[in-house]
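Beneath this line is the structure, given in structure tokens, with notes to follow.
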Amino acid sequence: MAERIDTLYGLLSVMDDPRDLIRRFLEAYGEWGAVEAALARHLIRPGDIIVDGGACLGTFALSVAGASAGAGPARIVAVDPNTDILSLLRDNLERLCAVDVAVVEAALGETAGEALFHPVPGNAGAGNLFGHRALTEAPDVPSAAGTATRPVPMLSLSDIRASHGDYDFLKLDIEGAAPSALRGDAAYIADRQPVIWTECNEDQAALDTFHTMRGLCGRLHYFAFPCHRAVPYRRPAQPIYPMAYEAALIGHGRDREIALPADLAGEDCIFVPLTDADSLRQALWLTPRWAMAQWTALARPSLIALLGRQHLGQTWEGFLPDEPATDDAAPAAPVS
């Protein structure tokens with residue numbers, strides 16, 4: 001039986017590797033991405049069908065499913081290519097999810113076929129996907145023990161829809177492959193305008209995803225959020241990181257208004273509408289992806305002071321050094 005951890009979602013089956021990032025967060029805080037899911041729940045309507053691409057252990061699906069059937073979505077289709085965690089995903093959703101679920105073992109791409117998947121050691125929620133190609137063309141990817149590149153089935157979103165019904169909410173956390181996945185069902189997305197929720201990292205894939213979504217969605221928003229809530233399910237004695245933020249792009253139709261719900265007021269989220277690529281670049285630029293531990297306790301004036309010192313090139317080591325004056329030292333000339 002898989003090891004289970006007490007979490008916000010119930011007793012969650014987790015990966016065996018104690019070094020895995022997501023397992024460490026679940027052990028320390030008892031949650032993963034709870035702030036993200038809090039906004040997503042406000043965008044999901046009763047009876048919606050959700051496709052959760054890159055479902056991992058199922059924490060997003062469990063968060064948005066609601067406590068009881070009828071209050072949330074009608075069905076969740078959880079898709080993930082990582083065979084190392086699929087049994088955990090199935091176990092978690094079958095035991096803990098209040099709505100109808102289906103688990104699909106596949107990568108998501110523009111067309112059906114096969115892809116090459118390379119697990120990332122220490123983070124079962126990540127992985128490198130090398131697209132739809134002949135398996136003899138496997139790239140030269142460094143492999144740690146037990147993490148060799150392997151073939152996985154690839155499906156398009158139109159394939160998922162044909163098997164599981166028209167979706168109303170699409171979440172894609174698929175390591176930069178969102179543009180190709182969206183192209184795989186572009187006509188449906190442009191016509192039906194489901195809510196599209198994609199991860200947004202600080203790389204070229206974020207801009208590629210933005211341009212793809214801009215051609216399909218009526219409106220786009222950027223949403224950045226802490227990896228755990230200010231008051232998490234469990235407060236660790238030692239934080240894993242002093243500060244860590246994730247971010248998402250949200251696309252939706254012009255007939256839908258989106259705003260941060262009141263229950264996220266104290267979570268230090270960033271939520272801005274996007275008009276062009278520069279607005280996304282600025283939003284990413286102003287998102288705190290990391291912090292030194294001593295910064296997090298400082299008041300706003302102190303943080304601004306540090307920014308000013310950095311802008312002027314000043315360092316603490318060179319600031320007003322306490323050097324005793326000598327008797328024959330000449331007095332400093334006054335500043336004119």
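Side chains are part of it too, since the values below use all heavy atoms of this structure and drop only hydrogens, waters and symmetry mates. All figures in this text were calculated on a predicted structure; none of them were measured in a lab.
Checked against the 6.0 Å centroid criterion, the rings of Phe210 and Tyr222 do not qualify as a close aromatic pair. Ring to ring, Phe223 and Phe225 are close: their centroids are under 6.0 angstrom apart.
Inter-residue side-chain proximity for Pro242 and Thr296 is flagged as met; some heavy-atom pair is nearer than 4.5 Å. By the 4.5 Å heavy-atom criterion applied to side chains, Val14 and Asp20 are not counted as neighbours. Using a 4.5 Å heavy-atom threshold, the side chains of Thr209 and Leu172 count as separate. A 4.5 Å side-chain heavy-atom check between Glu110 and Arg183 finds at least one atom pair inside the cut-off. Put simply, the side chain of Trp295 reaches to within 4.5 Å of the side chain of Leu306, judged on heavy atoms. Taking the side chain as every heavy atom from C-beta outward, Ser13 and Leu57 never approach each other to under 4.5 Å. Looking at Ile250 and Leu39, their side chains come closer than 4.5 Å, going by heavy atoms from C-beta outward. You'll find the side chain of Leu155 reaches within 4.5 Å of the side chain of Val104, heavy atoms only.
When all heavy atoms of Arg23 and Asp16 are compared, the closest pair comes out as NH1-O, 3.2 Å. Nearest approach of Thr149 to His118, heavy atoms of both residues: OG1-ND1, 3.1 Å. Of all the heavy atoms in Leu264 and Ala38, the pair that sits closest is CD2-CB, 3.7 Å. Between Ala206 and Leu284, the shortest heavy-atom distance links the atoms CB-CD1, 4.5 Å. Taking each heavy atom of Ala40 and Phe169 in turn, the nearest pair found is CB-CZ, 4.0 Å. Leu260 approaches Cys269 most closely through the heavy-atom pair CD1-CB, 4.1 Å.
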Using salt bridge (charged side-chain N to carboxylate O under 4.0 Å, His left out), reason through Glu27 and Arg234 one step at a time and then give a plain yes or no. CA-CA 9 Å; Glu27 287 178 325; Arg234 183 165 49 247; over 6 Å; no
Step by step, would you call Asp80 with Arg90 a salt bridge (charged side-chain N to carboxylate O under 4.0 Å, His left out)? CA-CA 11 Å; Asp80 204 286; Arg90 288 193 178 95; over 6 Å; no
List the steps, then state whether side-chain contact (heavy atoms from CB on, under 4.5 Å) holds for Thr315 with Arg309. CA-CA 7 Å; Thr315 65; Arg309 303 293 183 193; over 6 Å; no
Kindly determine whether Ile270 and Leu286 satisfy side-chain contact (heavy atoms from CB on, under 4.5 Å), including the steps that lead there. CA-CA 9 Å; Ile270 301 170; Leu286 295 175; 5.6 Å; no
Applying side-chain contact (heavy atoms from CB on, under 4.5 Å) to Ile174 and Thr198, what does each step give before you reach the verdict? CA-CA 8 Å; Ile174 52 177; Thr198 68; over 6 Å; no
Passes side-chain contact (heavy atoms from CB on, under 4.5 Å), Arg256 versus Val195? Steps please. CA-CA 9 Å; Arg256 185 190 288 256; Val195 174; 3.6 Å; yes
Just do the salt bridge (charged side-chain N to carboxylate O under 4.0 Å, His left out) check on Asp48 and Arg45 with the steps written out, would you? CA-CA 6 Å; Asp48 278 357; Arg45 297 165 175 168; 5.8 Å; no
So Glu267 and Arg229, salt bridge (charged side-chain N to carboxylate O under 4.0 Å, His left out) or not? Walk me through it. CA-CA 6 Å; Glu267 300 294 350; Arg229 295 173 297 170; 5.7 Å; no
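The same ILVMFWY cluster, assembled from side-chain heavy atoms under 4.5 Å apart, contains both Leu303 and Trp290. Tyr245 is not connected to Leu280 by any chain of hydrophobic side-chain contacts under 4.5 Å among Ile, Leu, Val, Met, Phe, Trp and Tyr, and they are in different clusters. Hydrophobic cluster membership is shared by Leu96 and Leu26, with clusters built from Ile, Leu, Val, Met, Phe, Trp and Tyr side chains linked at under 4.5 angstrom. Taken together through direct or relayed side-chain contacts under 4.5 Å among Ile, Leu, Val, Met, Phe, Trp and Tyr, Leu298 and Met243 form parts of separate hydrophobic clusters. In terms of hydrophobic clustering, with Ile, Leu, Val, Met, Phe, Trp and Tyr side chains grouped at heavy-atom distances under 4.5 Å, Leu86 and Phe60 are assigned to a common cluster.
Sparse packing is recorded around CD of Gln282, with 12 or fewer heavy atoms of other residues, nucleotides or ligands lying under 6.0 Å away. More than 12 heavy atoms of other residues, nucleotides or ligands lie within 6.0 Å of CZ in Arg95, so this atom counts as buried by the packing criterion. More than 12 heavy atoms of other residues, nucleotides or ligands shown are found within 6.0 angstrom of CD on Gln294.
For Phe271, the ring pair (Phe, Tyr, Trp, His ring centres under 6.0 Å) criterion is met by His221, not counting sequence neighbours. Evaluation of the ring pair (Phe, Tyr, Trp, His ring centres under 6.0 Å) rule for Tyr9 yields no partner, not counting sequence neighbours. Looking at residues two or more places apart in sequence or on another chain, you find a side chain to side chain contact (heavy atoms under 4.5 Å, CB included) between Asp100 and Arg75. Contacts of Tyr233 classified as ring pair (Phe, Tyr, Trp, His ring centres under 6.0 Å), with partners at least two apart in sequence or in another chain: none.
With hydrogens and angles left out, the side-chain atoms of Arg19 and Asn123 include no donor and acceptor closer than 3.5 Å. Looking only at atom types and distance, the side chain of Asn201 has a donor-acceptor partner in the side chain of Glu199 under 3.5 Å away. Asp185 and Tyr167 are linked by a side-chain donor-acceptor pair at a separation below 3.5 angstrom, with hydrogens and angles left out of the test. With 3.5 Å as the limit, one finds a donor-acceptor pair spanning the side chains of Trp197 and Glu36.
Because its NZ or CZ atom is not both nearer than 6.0 Å to the ring centre of Tyr29 and within 45° of the ring axis, Arg235 does not count as a cation-pi partner of that residue.
Note that CG of Leu108 and CD1 of Ile160 are 6.0 Å apart. Values are rounded to the nearest 0.5 Å.
Distance alone, capped at 3.5 Å, is enough to place a donor-acceptor pair between the Arg254 side chain and the Gly218 backbone. For Gln193 (side chain) and Ile189 (main-chain N/O), a donor-acceptor pair under 3.5 Å exists by modelled atom type. Looking only at distances, a side-chain donor or acceptor of Asp159 sits under 3.5 Å from a matching main-chain atom of Ser156. Looking only at distances, a side-chain donor or acceptor of Thr287 sits under 3.5 Å from a matching main-chain atom of Ala283.
Here the rule is side-chain contact (heavy atoms from CB on, under 4.5 Å) with Pro73, and of Val101, Asp168, Ile50, Ile49 only Ile50 fits it.
Residue pairs meeting the side chain to side chain donor-acceptor pair (under 3.5 Å) criterion with at least one member in residues 210-220, sequence neighbours excluded, are Arg219-Glu257. Listed by first and then second residue, the ring-ring contact (aromatic ring centres under 6.0 Å, His included) pairs that reach into residues 83-107 come to none, sequence neighbours excluded.
Ion pairing between a basic and an acidic side chain is recognised when a charged N comes within 4.0 Å of a carboxylate O; Asp84 and Arg150 show such pairing.
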